[in-house]
Amino acid sequence: MKIYSVKRYEKTDSARWDALVKQSRNGTFLFERAYMDYHKDRFEDHSLLVFEDGKLVALLPANLEKDGLYSHWGLSYGGFIYGIGVKLPNFLGIFQATLSYLHQNDIQALSIKEIPEIYHQVPSDEISYALFLAEAELTRCDTLSVIDKSNPLPVASNRMSGVKKAVSLGIQLIESDKLDEFWNQLLIPNLAARHAASPVHSLEEMQLLKSRFPDKIRYFSALQEGKPVAGCIVFETETTAHMQYISADENRSEHGALDFLHYQLIMETFSGKRYFDFGTSNTNQGLNLNEGLLFWKESFGARTITQRFYKVDTSKHERFKTVLL
C-alpha cells in the first residue's frame, strides 16, 4: 500500500516545486513560483506538496481564507498539478491525503477552480472523479470561448470584412515590449468607458511578469500610421494561446484593427497551437453573459467549453477508504 504525506509549501521548496510544474502533464507557467509570488502580499499562501512513499508527486497551489482553502483565488485556474506517472488510484490517494491533512488542521472546506482541459498536455481529469466521490458542491460555472485548431470553423463574413478594411488602411501587426502605451492609451480608457472597470493587473505587475516570462507573456499591437489602435496580451502555454487582455480605440468599427489583429494571431502567429482561448464572457459569478462580447468571439469560430468551481467538505476524506476493490 502506498503511503501519502502532505506538507505546506515553504520558500526552500521553490526549486522542486518549479521542477514538478515544468515536468507536469497539466501545469502551466502560472504555477511557477516566479508567477505565483508576484501577488503574495495579497494572499496568504498555503500551497501544498504531496508525497507518495517519500517522493514528491503532486502540488496544490492554494491560498488560505477564513472560510477555507482556495486553489488558487489569485490565478486564472487551479487544482492539483502532477506528472504523467500518476494514475487514477494514485490520484485518489493524493486527494484523500490532502483532504485528511486539511481536516486535521481544522480547514473545513477546499475550493477548486479547475484547470480547463485545453491546458492539459495529456488527459488529466482524475480530479472530476475524485470530486464526485467527495460529493463536491458545484458553486460556479464559467464559459470559455475556444477555437480548436484541429477542427476549425469558418470565420464569419463580418469579421473578414473588418480584416479587409484594416488591410486596405495599411494597418500592421507588430510584437512589442511597450506595455505602457497599451495600458495607458488603450486598455485603461477602454475598460473605464465601456465597463466602468480597471485591469486586474497593474501596469507594473504586468511589466514584472513579462520580464520574468518574456517568451510566454507577449504583447501584440495593431498600428495605423505608427500609432497603436488595438492590442492584446497573450499568455502562451504548451497547448494554448490565451487572450489575457484585449482592447482597441474608440474608432474600432471604422478601421477593423481588432479583427485584423486576432485573425493574424489565429491564422499565423499561433497557428501551431492546438487551442486559441478568448477567455470568458461571463459576469456576476458566472450567472450572466456579455452577449455582444460572446458574439464577437464566436464569429471567429470559437465555441464553448466550461470551467467549473467546486467546494469540498474536507471531512469527506473518509469516503475514499472503500473505493478501490
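When a residue number appears, it is its place in the shown sequence, counting from 1. Since we're looking at a predicted model, the values are computed, not measured.
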Between [X] and [Y] (salt bridge meaning N to carboxylate O under 4.0 Å), is one present in this structure?
X: Asp148; Y: Lys273; value: no
X: Glu205; Y: Arg42; value: yes
X: Lys316; Y: Asp313; value: no
X: Lys113; Y: Asp142; value: no
X: Arg159; Y: Asp259; value: yes
X: Glu236; Y: Lys216; value: no
X: Lys87; Y: Glu126; value: no

Check the hydrophobic clustering (I, L, V, M, F, W, Y; side-chain heavy atoms under 4.5 Å; chains of links allowed) and say if [X] and [Y] are grouped together.
X: Met243; Y: Tyr219; value: no
X: Val155; Y: Leu173; value: yes
X: Val200; Y: Ile233; value: yes

Open item on the list: Evaluate Val167 against Ile171 for side chain to side chain contact (heavy atoms under 4.5 Å, CB included), listing each step before the verdict.
Closed with: CA-CA 6 Å; Val167 171; Ile171 288 177; over 6 Å; no
Side chains of [X] and [Y], heavy atoms from C-beta outward: is any pair under 4.5 Å?
X: Phe91; Y: Pro89; value: no
X: Asp67; Y: Gln108; value: no
X: Tyr129; Y: Leu133; value: yes
X: Ile112; Y: Phe80; value: yes
X: Leu110; Y: Lys311; value: no
X: Leu99; Y: Val312; value: yes
X: Met160; Y: Tyr263; value: yes
X: Met36; Y: Trp17; value: yes

Check whether any side-chain N or O of [X] sits under 3.5 Å from a backbone N or O of [Y] as a donor-acceptor pair, and report yes or no.
X: Thr237; Y: Thr28; value: no
X: Ser124; Y: His120; value: no
X: Arg303; Y: Glu298; value: yes
X: Lys297; Y: Val146; value: no
X: Asn284; Y: Leu287; value: no
X: Ser71; Y: Gly79; value: yes
X: Thr280; Y: Thr143; value: yes
X: Ser100; Y: Gln96; value: no
X: Ser14; Y: Thr12; value: no
X: His317; Y: Ala134; value: no

State yes or no: are the ring centers of [X] and [Y] separated by less than 6.0 Å?
X: His46; Y: His72; result: no
X: Phe309; Y: Tyr77; result: no
X: Trp73; Y: Phe43; result: no
X: Trp183; Y: His201; result: no
X: Phe278; Y: Phe300; result: yes

[atom1] of [X]: more than 12 outside heavy atoms within 6.0 angstrom?
X: Gln172; atom1: CD; value: no
X: Ile3; atom1: CD1; value: no
X: Lys7; atom1: NZ; value: yes
X: Glu175; atom1: CD; value: yes

Gap separating the [atom1] atom of [X] from the [atom2] atom of [Y], nearest 0.5 angstrom:
X: Phe182; Y: Ser247; atom1: CZ; atom2: OG; value: 5.5 Å
X: His39; Y: Asn63; atom1: NE2; atom2: CG; value: 8.0 Å
X: Leu258; Y: Ile246; atom1: CG; atom2: CD1; value: 6.5 Å
X: Glu10; Y: Asp45; atom1: CD; atom2: CG; value: 11.0 Å
X: Leu60; Y: Tyr101; atom1: CG; atom2: OH; value: 10.5 Å
X: Leu169; Y: Lys164; atom1: CG; atom2: NZ; value: 14.5 Å

How close do [X] and [Y] get, counting heavy atoms only, and between which atoms?
X: Gln307; Y: Pro116; answer: NE2-CD, 4.0 Å
X: Ala230; Y: Leu261; answer: C-CD2, 4.2 Å
X: Pro214; Y: Ser211; answer: CD-O, 3.7 Å
X: Tyr70; Y: Gly68; answer: CD1-O, 3.7 Å
X: Pro152; Y: Lys149; answer: CD-O, 3.4 Å
X: Tyr82; Y: Ala58; answer: CB-CB, 4.2 Å

- [ ] Determine, step by step, whether Leu223 and Val229 satisfy the side chain to side chain contact (heavy atoms under 4.5 Å, CB included) criterion, reporting the C-alpha distance in whole Å, the side-chain angles of both residues, the deciding distance to 0.1 Å, and the verdict.
- [x] CA-CA 6 Å; Leu223 302 180; Val229 292; over 6 Å; no
Would you say [Y] and [X] are linked by a side-chain donor-acceptor pair, where the criterion is simply a distance under 3.5 Å?
X: Arg25; Y: Gln121; answer: no
X: Ser161; Y: Asn158; answer: no
X: Arg33; Y: Tyr35; answer: no

- [ ] Test Phe95 against Phe320 for ring-ring contact (aromatic ring centres under 6.0 Å, His included), laying out the working first.
- [x] CA-CA 9 Å; Phe95 195 81; Phe320 290 81; 5.6 Å; yes
TODO: Look at the rings of Phe270 and Phe220 and say which category their plane angle falls in: under 30° parallel, 30 to 60° tilted, over 60° perpendicular.
DONE: perpendicular
- [ ] Please test Asp13 against Arg16 for salt bridge (Lys or Arg N to Asp or Glu O under 4.0 Å), starting from the C-alpha separation and ending with a verdict.
- [x] CA-CA 6 Å; Asp13 295 314; Arg16 59 178 174 176; 2.9 Å; yes
Task: Test: Arg212 cationic atom under 6.0 Å from Phe29 six-membered ring centre, within 45° of axis - done: no
- [ ] Determine, stepwise, if the pair Leu179 / Leu203 fulfils side chain to side chain contact (heavy atoms under 4.5 Å, CB included).
- [x] CA-CA 7 Å; Leu179 292 181; Leu203 172 60; 3.9 Å; yes
